[in-house]
A.B. asks: 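Sharing a structure here in structure tokens format.
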Amino acid sequence: MYGSGSAALKLSLSLHVSNCNTSTGGSVDTFWRWRYTLEPSNIPSFLSSQADLILRTGKYLNVIKQSASGGGREGSSPLPSLRYHPDPDHYTPSIETAYAAASKTLLHHLINDQHLMSRIRSLKQYFLLAQGDFISQLLSMCETELSKPLDDVLPHRLEFLLELALRTSNGAGYQDSIHTVLLPYTLLDQMMRILSIETTEEQEHRHALTRLDLTGIEGFSLSCNVPWPASLVLDTRTLFCYRMLFRHLFYCKHVERQLCKSAWNVDKWTCLRSLEAGALLSKCPRSKLGGCTDLLLTRCSVLCC
């Protein structure tokens with residue numbers, strides 16, 4: 001099947017179109033690379049230097065056209081028509097004008113119609129734990145369930161507790177797109193598998209993804225459903241990175257809570273019997289744990305935003 005990927009430029013540049021169900025997010029990660037590809041035999045020689053720019057222009061326009069909410073190009077100025085000219089550079093201004101118009105329209109559609117920045121802020125709040133009351137309530141509600149072995153954890157109960165924590169926190173919206181997921185492998189095994197490590201010392205991690213001897217805390221993570229076309233930016237690979245960061249930060253928060261409980265139980269009687277209880281409390285390791293975790297969360301937020 002062939003279609004025109006440069007309709008705005010009125011060019012007969014053939015593109016190969018593969019099946020991609022963008023409305024449901026299927027194969028969305030390969031949209032830019034494989035859905036539209038140039039057919040070299042159909043590219044006019046006088047446009048060969050601008051073929052990639054024409055292709056990107058057609059992609060942008062097709063995203064707007066396929067988007068459920070439209071976006072359109074109302075109010076945009078008409079593009080100049082093209083006529084043959086022996087000098088290839090003669091077409092450059094018109095092609096660049098069409099590309100700039102398509103790029104601006106798509107950016108406006110993503111930012112204003114698809115609320116892309118709001119979705120990114122919601123990811124920061126939920127996955128990078130920027131929403132303090134949310135993660136505190138989630139840990140308080142799910143800690144008992146997640147302390148069980150992974151096979152004994154009830155996914156539907158976790159989903160209910162997550163929804164309750166989302167509804168009772170001051171979140172940034174999009175709560176309905178956040179869901180729980182239980183992974184049967186550790187974060188370290190997951191990262192080693194991604195790196196495709198071949199050394200003898202680390203071979204055990206390459207075959208560790210089938211292990212199930214974990215607790216719910218070790219395998220717990222979040223997932224997020226992002227609709228088209230915002231999923232072109234927040235694609236599976238991006239969300240995968242957010243998920244790994246969440247697993248690490250969530251486990252750090254869990255360890256912080258456990259250490260705080262232990263430190264308080266050990267030191268509380270000594271502090272209460274001392275006349276300088278306030279000074280001792282300030283020197284207690286428990287008071288420094290939160291600062292370490294907060295510093296880690298701040299650095300992750302800066303690096304990801």
Side-chain angles (χ1 to χ4, degrees), residues 119-172 174-175 177-194 208-209 211-226 234 236-263 286 288-305:
R119 292 187 178 277
I120 293 176
R121 282 192 292 269
S122 70
L123 288 178
K124 178 182 177 181
Q125 291 196 345
Y126 299 134
F127 283 79
L128 302 184
L129 312 189
Q131 189 68 34
D133 59 339
F134 162 69
I135 191 60
S136 298
Q137 294 186 48
L138 183 63
L139 275 169
S140 299
M141 295 176 181
C142 298
E143 199 166 30
T144 302
E145 185 70 20
L146 291 176
S147 62
K148 302 177 183 177
L150 191 65
D151 291 339
D152 297 337
V153 177
L154 301 177
H156 65 275
R157 178 171 174 78
L158 279 183
E159 195 71 26
F160 170 76
L161 294 175
L162 172 65
E163 182 179 356
L164 187 60
L166 289 170
R167 300 301 179 188
T168 55
S169 65
N170 298 321
Y174 306 106
Q175 291 94 336
S177 63
I178 306 297
H179 303 283
T180 61
V181 59
L182 293 173
L183 303 174
Y185 42 82
T186 66
L187 177 60
L188 179 60
D189 293 335
Q190 186 178 11
M191 295 175 64
M192 293 297 184
R193 186 62 177 245
I194 293 173
L209 297 185
R211 292 203 310 242
L212 297 175
D213 54 340
L214 302 175
T215 63
I217 285 287
E218 295 173 303
F220 179 75
S221 188
L222 297 179
S223 64
C224 181
N225 297 329
V226 181
L234 301 175
T236 303
R237 179 174 299 182
T238 302
L239 296 177
F240 193 77
C241 294
Y242 272 103
R243 180 183 294 182
M244 289 194 297
L245 284 171
F246 174 82
R247 291 187 71 182
H248 179 63
L249 297 176
F250 183 78
Y251 195 77
C252 287
K253 274 291 186 181
H254 167 70
V255 172
E256 177 192 343
R257 284 170 58 90
Q258 298 304 312
L259 290 176
C260 286
K261 291 178 182 179
S262 300
R286 180 179 64 89
K288 301 179 181 179
L289 295 174
C292 295
T293 308
D294 292 341
L295 179 60
L296 178 62
L297 293 176
T298 301
R299 289 184 175 179
C300 289
S301 299
V302 170
L303 290 175
C304 295
C305 298

A.B. asks: What pairs with Ser223 under side-chain contact (heavy atoms from CB on, under 4.5 Å), at least two apart in sequence or on another chain?
C.D. replies: His179, Arg243

A.B. asks: Enumerate the ring-ring contact (aromatic ring centres under 6.0 Å, His included) contacts for residues 130-150, please, sequence neighbours excluded, ordered by first and then second residue.
C.D. replies: Tyr126-Phe134

A.B. asks: I need the minimum non-hydrogen distance between Leu150 and Pro184, along with the two atoms involved.
C.D. replies: CD2-CA, 3.6 Å

A.B. asks: Do the side chains of Leu138 and Leu161 get nearer than 4.5 Å, heavy atoms only?
C.D. replies: no

A.B. asks: Can you check whether Leu249 reaches Ile135 side chain to side chain, under 4.5 Å on heavy atoms?
C.D. replies: no

A.B. asks: Any non-hydrogen side-chain atom of Met191 less than 4.5 Å from a side-chain atom of Arg247?
C.D. replies: no

A.B. asks: Under the side-chain contact (heavy atoms from CB on, under 4.5 Å) rule, collect the residues that match up with Glu145, sequence neighbours excluded.
C.D. replies: Lys148, Val153, Leu154, Arg157, Leu158

A.B. asks: Do the non-hydrogen side-chain atoms of Met244 and His248 ever get within less than 4.5 Å of each other?
C.D. replies: no

A.B. asks: How far does OG1 of Thr215 sit from CG of Leu182, to the nearest 0.5 angstrom?
C.D. replies: 10.5 Å

A.B. asks: Can you name the side-chain contact (heavy atoms from CB on, under 4.5 Å) partners of Phe160, sequence neighbours left out?
C.D. replies: none

A.B. asks: Please list, chain by chain and in numerical order, all residues satisfying side-chain hydrogen bond (donor to acceptor under 3.5 Å, both in side chains) with Ser221, sequence neighbours excluded.
C.D. replies: none

A.B. asks: Just jot down the salt bridge (Lys or Arg N to Asp or Glu O under 4.0 Å) partners of Glu163, sequence neighbours excluded, or say none.
C.D. replies: none

A.B. asks: Quick check on side chain to side chain contact (heavy atoms under 4.5 Å, CB included): which of Val255, Leu245, Ile217, Leu187 does Phe250 satisfy it with?
C.D. replies: Ile217

A.B. asks: Using 0.5 Å steps for rounding, measure from the CZ atom of Phe220 to the CZ atom of Phe246.
C.D. replies: 5.0 Å

A.B. asks: Tell me, with the steps shown, if Tyr174 and Leu123 meet side chain to side chain contact (heavy atoms under 4.5 Å, CB included).
C.D. replies: CA-CA 9 Å; Tyr174 306 106; Leu123 288 178; over 6 Å; no

A.B. asks: Side chains of Thr180 and Glu159: any donor to acceptor distance under 3.5 Å?
C.D. replies: yes

A.B. asks: Indicate yes or no: at least one non-hydrogen side-chain atom of Leu146 is less than 4.5 angstrom from one of His254.
C.D. replies: no

A.B. asks: What distance do Leu139 atom CG and Thr144 atom OG1 have between them, rounded to the nearest 0.5 Å?
C.D. replies: 11.0 Å

A.B. asks: Once side-chain contact (heavy atoms from CB on, under 4.5 Å) is applied, do any residues pair with Gln137, and if so which ones, sequence neighbours excluded?
C.D. replies: Asp133, Met141, Ala165, Thr168, Ser169

